[in-house]
Amino acid sequence: MPNRLADATSPYLLQHADNPVDWWPWGPEAFAEAERRRVPVLLSVGYAACHWCHVMAHESFEDEAVAAYANEHFVAVKVDREERPDVDAVYMEAVQAATGQGGWPMTVFLTPEKEPFYFGTYFPPEPRHGMPGFRQVLEGVTAAWRDRREEVGEVAGRIRAELQERARIYGAGAGVLPAPGEAELHAALLELGRGFDERRGGFGGAPKFPPSMTVEWLLRHHARTGSAAALEMAARTCDAMSRGGLYDQLGGGFARYSVDADWVVPHFEKMLYDNALLLRTYLHLWRATGDARARRTALDTADFLLRELRTPEGGFASALDADSLDPATGTSAEGAYYAWTPEQLTAALGAEDAALAAELLEVTGTFEHGSSVLQLLTDPADPEAYERIRTRLFEARAERPAPARDDKVVAAWNGLAIAALAETGALLERPDLVEAAERAADLLLAVHLTADGRLLRTSRDGRPGANAGVLEDYADTAEGFLALYAVTGEAEWLDLAGGLLDTVLAHFTDADSGALYDTADDAEELIRRPQDPTDNATPSGWTAAAGALLGYAAYTGSERHRTAAERALGVVGALGARAPRFIGWGLAVAEALLDGPREVAVVGPAGDPATAELHRTALLATAPGAVVAVGEAGSKEVPLLADRPLLAGRPAAYVCRHFSCDAPTADAAELAERLG
């Protein structure tokens, strides 16, 4: 019989709607029930594409005896971390502080006052590899709650105090320290270089996550300073990722991370946010270097987004699952859709092409049961033969059972996709990508943006979720709208970005320090108000907001927005030289601030080839964080375009900083030189 999750919009919660565990969704009713029954709360946090979440569900949450015990002694609450990143962030911080590690599924035991007192991630059904069994954990927590309640309360109080102290430290850096300058950015580059993997690309060891924000910073640093080291780290990392198993050599798109240091075997789930960020990264690498592989990777990743993640409403779904049905065994297995054996190559291609494919794509048994994850470590000697093989394998793979799709639409990640698709469509002359970006933006306006200007985080099947947007939703959606304006010249997108950023200033920013919070001042009160300037798999809301505020200020001349961006970047000055890998987007925004950023106003009749050439030239510029406005001469809609006349009756471009402009030019080559 379905439990209380049956009416959820989250695919993850719906996956647990038929569990014998009597799950509650997160909300005051669950904690009131725990208070009434005087029992602790069992909080389980995960997401739909999470492999180990599925494993724990099958092993424990579908077990009648385990469920009966949990129902008797706890109020069980299930949370989709992608719907409620605020809840996830607060308790993940506690888990990492207490255990030194984190991950999903996250398992936390709380008092009815929402205070955590015992933590973990995945627990097996029986003791294994030094981990207690889940039933043991439930029994141990029950005994502690019954027999040592005072001790439990002391632990919970101490953890709450530690979390609040961390928040105080973050807030202290903002508004006091200046934004990073030349010396701090150089120090950050030196520190990053110490962790660079010169042989395999990327930073650190296994597991390796795609460092999108760090690479974007390196490209901006190279553009501003000419640093060969910055460009080499960016280019070698991107090349290694796109040649390894992390990248889908047949269909495009990237998996979430590599379990090894060589980018060979991925954790196979494909996330929208990774692919949106990496699409923009590879586009910008191509823009900086002209690298053909980067261009191909960008286009294939864009096609993957449209083919496999676009929803009927025009938005982009959150993820594809890591697991799918393996026809050979009849069971679900991680990577079954993507891995190949030599025998499968022969069945799809015939013996001759199969031998060539095995050699080109490293089918040597690198994964499980003699199968391999496809890699392309060297360029094929016969590109036409390779494309024939690639197409036939892609078609053969399409006959396999496909991974499940988490089809909820998340505002922040769609904002990232909008920015990436709009820029890619404009620079690589794919108008269908710009149209896809516009359609996704229209969905956010129609379904996620409320009448009072607030942004809802999720929707599914065109039905809005109930969860309020967090800082990254406002910041990344504003970033997407700014990119759409730069590409289309439609001033509505700039105005909409400004409205979102006004909400950031009014409801997410500490007026005294300039620090930014992940939740609004009128959001649900948790044990602490979430706040973190460091990147995770996506740019932190804090630094994403700083970047959007800076870009909006460059278009409008708003000192209020620029000052807010500068104050927010103070924390980057504090952390950048010590931990550059974890604040890459903040460093990228700091590069833009140090460069101006450059403001390019292109004026001329719409449809005039000369206007279009100047506009495209401006978009191709690598100047860090440069903004591009295009419109008719004398336009009053956008401040950057105001009072910018034609040049002797011809379309013209103005390159400015802080609205102070060089002499206009009508020559695209000269414009490119000025922006180089």
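- Thr9 and Glu83 share a donor-acceptor pair across their side chains, judged by distance under 3.5 Å alone.
- A cation-pi arrangement is present between Arg529 and Tyr517, with the terminal nitrogen or guanidinium carbon under 6.0 Å from the aromatic centre and inside a 45° cone about the axis.
- Between Trp493 and Phe481, the ring-plane angle classifies as tilted under the 30° and 60° cut-offs.
- Judged by distance alone, with hydrogens and angles left aside, the side-chain atoms of Asp291 form no donor-acceptor pair with the main-chain N or O of Trp286 at under 3.5 Å.
- Using a distance-only test at 3.5 Å, with no hydrogens or angles considered, a donor-acceptor pair links the side chain of Arg657 to the main chain of Asp595.
- With no hydrogens or angles considered, a side-chain donor-acceptor pair links Trp217 and Glu591 at under 3.5 Å.
- With hydrogens and angles ignored, the 3.5 Å screen pairs a side-chain donor or acceptor of Arg287 with a backbone N or O of Leu619.
- In terms of modelled atom types and a separation under 3.5 Å, the side chain of Asp476 and the main chain of Trp413 share no donor-acceptor contact.
- With 3.5 Å as the limit, one finds a donor-acceptor pair spanning the side chains of Asp452 and Thr450.
- If you run ring pair (Phe, Tyr, Trp, His ring centres under 6.0 Å) between Phe254 and each of Phe304, Tyr282, Phe209, Tyr273, only Tyr282 comes through.
- The cationic group of Arg220 lies under 6.0 Å from the six-membered ring centre of Trp585 and within 45° of the ring axis, placing it in a cation-pi geometry.
- Here the side chains of Leu219 and Thr622 are not in contact, with every heavy-atom distance at 4.5 Å or above.
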